[in-house]
Trainee: 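My questions will all concern the structure given below.
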Amino acid sequence: MAGSCSPLPDLKTLDAAALRTMLEAAHSELEIARERLLSRDQEVEYLKLQLQKLRRMLFGRSSEKIVRQIEQLELRLEDLETVKAERIQRSEVSSPGADAEPRNSRRALPDHLPREVEMHMPEHDACPECGGQLRRLGEDVSEMLERIPATYKVIRHVRPKFSCGRCQHVVQAPAPSRPLERSMAGPALLANVLVSKFCDHLPLYRQAEIAARQGVELERSTLAEWVGGASALLQPLVEAVRRHVMKAEKLHADDTPFPVLAPGTGKTKTGRLWTYVRDDRPAGDDTPAAVWFSFSPDRRGEHPRAHLSGFRGILQADGYAGFHHLYGDGCIQEAACWAHVRRKFYDLHVAHASPVAGEAIERIAALYGIEQQIRGKPPTERREVRRARARPLIDDLRAWLEKKLGGLSRKSEVAAAIRYALSRWRALLRYIDDGRIEIDNNGAERALRAVVLGRNNYLFAGSDSGGERAAAVYTLIGTAKLNGVDPEAWLRTVLTSIADHPISRIEALLPWNLSLSHS
């Protein structure tokens, strides 16, 4: 080991036996080092697999616990990969030019990034060996990614005044519009504040601290005013997203608790954030995906009834009773979620190693295996494959569940999980005969992950209006991300023009209609 090795003896003075002993000792040390490296690399791969597994599970009631597990694994993985990088760096410094452990392969750097060329010419104008004239025969090019620290700048708008020498009429360019009247915040700054809070989960007081390190004093109250003003300015765009979502033939729906400070009590009450997702890409439809969030102060069923008052089609949701009254007149059809069924068995299997729960999980996994093979295919093809391959598995699963239920105590947790599945069987089967429907409601649950992460950081909203603002901004950021658009770049472009944009053409500012630059 480095730092503990004794000086190398003079090999010329050693006999064959001593040389053999020394080589065997060196070989033994190398084997130990190799085993440690293999063990560390195996742990890295294991951690990566665990992270993938947890990310797939990151929804539902246990999501916050899983988030904490992911954070712990991320820290351990970060530490192991840092140790590996240190080892590679030390080997390159101690043996420059030697065959070192390969670094991770790097992706090509994005074309849109600005390039700054630095030319490195040889020290000699002539050949250092013979003094002959040098001829250029090519070049080696490598690229290094660098970061320019985020900076603030002041844009001073100057409008000279001119007067007519004949009639004294004053001529001056009109004042440029601002996203927020009488506010010093430019569109890029507003976009950054919104994305930092609702996408990167940085509370406003932390943003104020970051700005202060660069000598810019921004009061938290000022940032709060900007968030409120920007969310009001963006409300027509939020409404445009809502209209787009509600035009769908199929929606994913879900909700999550959203603590809100109760006025005058110093305590919090539990509001709700509802999410409705339009995303038909898994069924081969290229209609832009979008998500709409709405806040309510409680979880009464009247809220989804109001949200979906104009919707006609298929609603994929969990078993929440507040959704049940929507299915009465047939205008909205219920599609249930196999992930919820699987989760109930999974929790039992983890807690009690239940063999019945374990087999149920394996049977449901077979249905998901079929879905992986037809993702992105058109609805007709998905329907035919499901009818031919998934329907027999589901019929066999029902018979097996009913048989197992007959041998279990009614108070058994496994029996409760089976009854949950059987009570929703008709809705669970609907995806078989309709290729537009997904096997589960993960589309809505993925949309709520940002809310769960943000809730861990800022704990609660300050009021019901704060919940409504959060819903509005989550709508815009979530929709941009669903379409593969950088939320900050999109909001920066939108905030540059929305104050003067005709409300009748607000759809032109939706992320799939607006061209963005990377500047």
Side-chain angles (χ1 to χ4, degrees), residues 1-16 18-41 44-45 48 77-156 188 192 210 213-216 484 486 488-489 492 515-519:
M1 300 294 290
S4 61
C5 296
S6 57
L8 189 67
D10 186 354
L11 301 181
K12 295 179 181 180
T13 64
L14 299 179
D15 59 20
L19 280 171
R20 187 181 301 109
T21 301
M22 189 178 72
L23 287 172
E24 289 174 351
H27 182 267
S28 176
E29 289 184 5
L30 285 173
E31 282 297 310
I32 293 172
R34 190 177 68 84
E35 289 176 3
R36 287 175 178 170
L37 288 175
L38 286 173
S39 175
R40 189 170 292 157
D41 289 343
V44 167
E45 292 305 314
K48 288 180 177 178
L77 186 58
E78 176 184 306
D79 182 65
L80 286 172
E81 292 175 334
T82 302
V83 169
K84 180 178 179 179
E86 288 177 346
R87 186 176 67 248
I88 294 173
Q89 181 65 22
R90 283 197 299 267
S91 68
E92 292 178 349
V93 170
S94 60
S95 304
D99 291 337
E101 185 176 345
R103 296 183 183 270
N104 293 331
S105 59
R106 293 187 290 266
R107 298 179 181 178
L109 296 175
D111 292 336
H112 70 264
L113 295 178
R115 257 64 176 179
E116 183 178 300
V117 177
E118 294 187 5
M119 191 69 67
H120 303 276
M121 301 299 292
E123 296 179 0
H124 307 281
D125 296 330
C127 175
E129 295 294 327
C130 69
Q133 183 179 1
L134 296 177
R135 294 177 302 165
R136 186 163 182 166
L137 54 83
E139 62 186 13
D140 291 329
V141 178
S142 62
E143 293 189 330
M144 178 185 295
L145 184 64
E146 188 55 281
R147 183 177 184 273
I148 301 172
T151 59
Y152 295 88
K153 68 178 180 180
V154 177
I155 300 177
R156 176 174 293 180
N192 180 260
I210 293 171
R213 291 203 298 266
Q214 299 189 48
V216 179
D486 176 7
E488 187 169 346
R492 180 172 64 241
S515 297
L516 304 180
S517 67
H518 291 281
S519 58

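Nothing here was measured: the structure is a model prediction, and the numbers come from that model. What's counted below: heavy atoms across the whole structure, side chains too, no hydrogens, waters or symmetry copies.
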Trainee: Write down the atom of A188, the atom of R492, and the distance for their closest heavy-atom approach.
Mentor: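 Taking every non-hydrogen atom into account, CB-CD, 3.5 Å.
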Trainee: Give the minimum heavy-atom separation between G131 and A126, together with the two atoms involved.
Mentor: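 Taking G131 first and A126 second, the nearest heavy atoms are O-CB, 3.7 Å.
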Trainee: For R115 and P110, work out which heavy atoms get closest and say how close.
Mentor: NH1-O, 2.7 Å
Trainee: If you round to the nearest 0.5 Å, how far is CD1 of I148 from CD of E116?
Mentor: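 Rounded to the nearest 0.5 Å, the CD-CD1 separation comes to 7.5 Å.
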Trainee: Which heavy atom of L145 sits nearest a heavy atom of L113, and at what distance?
Mentor: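 Looks like CD1-CD1, 3.8 Å.
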Trainee: Using 0.5 Å steps for rounding, measure from the CD atom of E139 to the CE atom of M119.
Mentor: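 The distance works out to 6.5 Å.
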Trainee: State whether the number of non-hydrogen atoms from other residues, nucleotides or ligands found under 6.0 Å of Q214 atom CD is greater than 12.
Mentor: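 Atom CD in Q214 is crowded, with more than 12 foreign heavy atoms closer than 6.0 Å.
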